[in-house]
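Each remark here refers to the structure printed beneath this line.
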Amino acid sequence: MKFGSKKKQQEPEKEKPSFFTPKSSDQDGTEVEASSLFTWGKKEEPPAPVTKGRSFPWSKKEEEVPAAPVTKGRSLPWSKKEEEAPVAPVTKGRSLPWSKKQEEAPLAPVAPAAKERSFPWSKKQEAATVAPPPPPPEPVAPATPPRSSKFSFGKKSTNTSLSSKSVATAPPTPSPPRKNSSKRTEYDESFVNEKTRRKCCSCKCVIGSSCLLILLAIGGVLAWRYGPWFQGSSSSTNLQVESCPDCCNGLRSNCKLPVNKVLFPTLHNAHSSKDHKFIGASHEKQFENALVDGYRGLQLSTCTCENVLSNALLERDPALGLENSNMGFCHSACGTGVRDPKAVIENIKTFLDVNRREVLIVEIDMTDDSEDDLRTALRASGLLDHVYIPDSKYVDWPKMGKLVDKNKRLLLFGRGGSLRSCDAPDCRDGILYFYDFFAQTEPDGSDATSCDSTLNGDVNVDYFLVNQFQKNQAKMPSPTIANDLNSYNELSARFEDCQGKLEPNLLSVEFWQQGDVLEFVQKDNENRYELMKMGFGKRGLRG
C-alpha cells in the first residue's frame, strides 16, 4: 500500500492514533503508556525497549518467548519470521511486511482485497492443501470470531478483519486420497495369497509324508511277513511225547473217566502265533509245541485269502485237493497272518499217529466260503479216520480208554459256514455242530472270573467251555494279562465259582507258556477221578 495518498483521506494528523498504544506497568504496578512504534508519513526515533517482554494477545507464543527490544523498521509482531530478519523502514511505495508476495514484485495500485489473499498466520492452511493429511486430529474447539484490532488504518482497516474472518470461517479442505492405497491393497492380497499358498503346501506335505510313511510301514510289514526268510508252512516233525503205556493224556485215571468229564487244556486261536509272524498273535509259540508240552484242545479259524496273497502264502497242495483253493487258517484277514492248511492238518494227523494214547478235541470256526475246501482237505489228509462219530442222537460218551482202544481219538466240532444242527450220526464228515453240545462263558473273554454260561438253542449240554483270556485296552492279546489269568490261584478261584454249576471240560487260554495251566489241569483231573469213585460228578455238575 502507498501511504502518501492515504493521509489525505484520513483524519487530521494530530488526531490520528499511533500505530499502537499498549499499556504496560512498571515495577511498582503503575500503568504507563508505551511509545508508539510507527507514525505515518515521517520518521521518528526508535522507541525505548519494551519492558518485561510484553507481547500482544494474538501472539501464539506470548507466554513462551519474551518480547525483543523494538527497533526501527521492525516487522509487525504477528509476523512469523520477525526473529529471523529485520524489516527495512517503511518507505513510500514499499509493500506491507505481512504480504508474502510483495517482496517478489512491486506493489500494485491499491485494489480491493482479493478473496484468495492470505496472511502469514494462515500458513498452515495453505500447507494443508499440498501436504498429505496427518492422522485424524483431536476434536478442535469452534473458531472464535476475530478480535477487532486497536490499530485503525482508515477505511481500509476493515479489509484485515474481513480477511481474518474469511480465514477463520473457511470450510475445511477435503483430505486428499491416501497415497499407496492401491499398493497396500495389492500387498494385502499378495500376502493373503502367499499365506494361503504356504498353508496348502504345508497340508500337501503333511498328507504326502503320511502316505509315504504308511506305504513304508506296509512295505516293511510285508517284507518282514512274507520275505524269503519266512517259513510259515514248515511242518514240525518231532511231535513225539513221553507218556506211560497205559495212560490217557498223561494220566492213568483219565482212561477211567468219560471223555466229557475230563478237563482239556485248550489254545484259543491256536493257529495264531509269533512264530508264524501273526500281527496281534495270541501265542508266542506255535500250537505244535503246545501239543508236545501237554495241551490237548485246539480252537482254529479258517478264512479265504485274496488271490495275490494266496499265491505267496499258501502251498495249494494238489494232494489235499487245494490246487485252486484260497483257504487258510487265520483269524480275520490273511494280511494279518495265515497258516497253510496242509501244515496244520498234517501236523495234527502226525501227532495222533505218533502218540497213540493221546486224545484231542478240535473246534473249527469256518468263515467266509472256506467250508468246502476244508472238508476236501480233511478227507484227503486221512485225518477223518481218527474222528469219533456217535451212534445215536443222544450221545452216551464213552470213557477215554475206549476211544484210545478204538483209535477214535479225535473229537471234531465245527460252527460257521453252512453248519447247522444235526443228529450226531448224520453230521457230515463227523463234524459235530458246536452249539448242539457246548455251553460256554462269555466268548469275547469279557468275564474271566465266573462260571456263568451262555446257551444257544436246544442244547444237550455235554461240554462246558471256559474262556480264560482277556484283551488289553487296544483290544489285543496281552502276555501280561495272560500271565495273571493263567496263574494257579486265578484258575482255582474261578473253578470254585463253578461249584454246583456245570463242570468245565475245556479251559481255553492265550499265551499257553504263561502261568500254571498244565499243572492246574492235571491236579483237577486227578480230583475228578477221586470224586467219581465216591459217586459224585455223574450228572455233569461240579461237586
Side-chain angles (χ1 to χ4, degrees), residues 239-267 290-298 348 351-363 386-388 390 395-413 437-439 451 461-466 468 486-509 512 515-543:
L239 296 174
Q240 182 72 43
V241 299
E242 297 181 1
S243 180
C244 61
D246 55 349
C247 292
C248 297
N249 286 7
L251 292 175
R252 292 185 177 90
S253 58
N254 287 342
C255 297
K256 301 177 182 181
L257 289 173
V259 67
N260 65 326
K261 305 301 179 184
V262 178
L263 181 59
F264 286 75
T266 306
L267 304 182
L291 291 176
V292 174
D293 281 3
Y295 284 85
R296 295 297 179 262
L298 302 175
I348 294 175
F351 178 81
L352 292 173
D353 290 340
V354 300
N355 299 289
R356 303 299 296 258
R357 306 292 300 183
E358 304 301 321
V359 179
L360 297 181
I361 294 181
V362 176
E363 186 259 314
H386 296 287
V387 174
Y388 171 74
V395 181
D396 185 13
W397 295 96
K399 293 181 179 180
M400 188 175 285
K402 290 185 178 181
L403 294 176
V404 172
D405 295 339
K406 293 181 179 180
N407 200 23
K408 298 295 183 179
R409 295 174 288 114
L410 177 60
L411 304 180
L412 190 58
F413 297 89
F437 300 93
F438 271 85
C451 279
V461 179
D462 292 329
Y463 295 90
F464 181 37
L465 170 63
V466 175
Q468 186 72 8
N486 296 349
S487 66
Y488 196 96
N489 293 335
E490 287 289 333
L491 295 172
S492 299
R494 186 165 194 184
F495 273 58
E496 286 178 1
D497 186 69
C498 297
Q499 296 290 336
K501 302 178 182 179
L502 293 175
E503 190 170 43
N505 303 106
L506 276 72
L507 178 60
S508 179
V509 299
W512 58 267
D516 311 305
V517 177
L518 295 178
E519 180 183 354
F520 175 82
V521 169
Q522 183 177 356
K523 185 67 174 178
D524 192 77
N525 281 330
E526 291 175 351
N527 292 335
R528 292 185 183 198
Y529 175 70
E530 295 297 330
L531 292 173
M532 181 67 67
K533 290 195 303 181
M534 296 170 59
F536 298 99
K538 293 183 179 181
R539 299 177 60 185
L541 300 178
R542 189 169 181 83

**Asked** Is the backbone of Val262 close enough, under 3.5 Å, to the side chain of Asn525 for a donor and an acceptor to pair up by distance?
**Response** no
**Complete:** All heavy atoms of Glu503 vs all of Phe464, minimum pair found to be O-CB, 3.5 Å
**Prompt:** Backbone N or O of Val359 within a donor-acceptor pair of the Asn249 side chain at under 3.5 Å?
**Reply:** yes
**Prompt:** Could you give the distance from CG (Asp462) to CG (Asn505), rounded to the nearest 0.5 Å?
**Reply:** 8.5 Å
**Request:** Calculate, to the nearest 0.5 Å, the distance between atoms CG and NZ belonging to Leu518 and Lys523 respectively.
**Result:** 15.5 Å
**Prompt:** Quick check: are there more than 12 heavy atoms from other residues, nucleotides or ligands sitting under 6.0 Å from NZ of Lys408?
**Reply:** yes
**Message:** Regarding Cys248 and Cys255, I want to know if their SG-SG distance comes in below 2.5 Å, which is how I'm defining a disulfide.
**Reply:** yes
**Message:** Take a 6.0 Å sphere around CG of Asp246 and say whether it holds more than 12 heavy atoms from other residues, nucleotides or ligands.
**Reply:** yes
**Side-chain heavy-atom pair Val259, Phe264 within 4.5 angstrom cut-off** = yes
**Asked** Less than 4.5 Å apart, any side-chain heavy atom of Asp516 and any of Leu491?
**Response** no
**Complete:** Across all chains, not counting sequence neighbours, the side-chain contact (heavy atoms from CB on, under 4.5 Å) partners of Val241 are Val292, Arg296, Phe351, Asn355, Glu358
**Prompt:** What residues, two or more places apart in sequence or in another chain, satisfy ring pair (Phe, Tyr, Trp, His ring centres under 6.0 Å) together with Tyr295?
**Reply:** Trp512
**Request:** Can you sort out the partners of Phe413 under ring pair (Phe, Tyr, Trp, His ring centres under 6.0 Å), two or more places apart, ordered by chain and number?
**Result:** Phe438, Tyr463
**Message:** Is it the case that the side chains of Asn407 and Arg409 hold a donor-acceptor pair, with the cut-off being a distance below 3.5 Å and no angle test?
**Reply:** yes
**Prompt:** Any idea which heavy atoms bring Arg357 and Cys244 closest together, and the distance?
**Reply:** CG-O, 4.4 Å
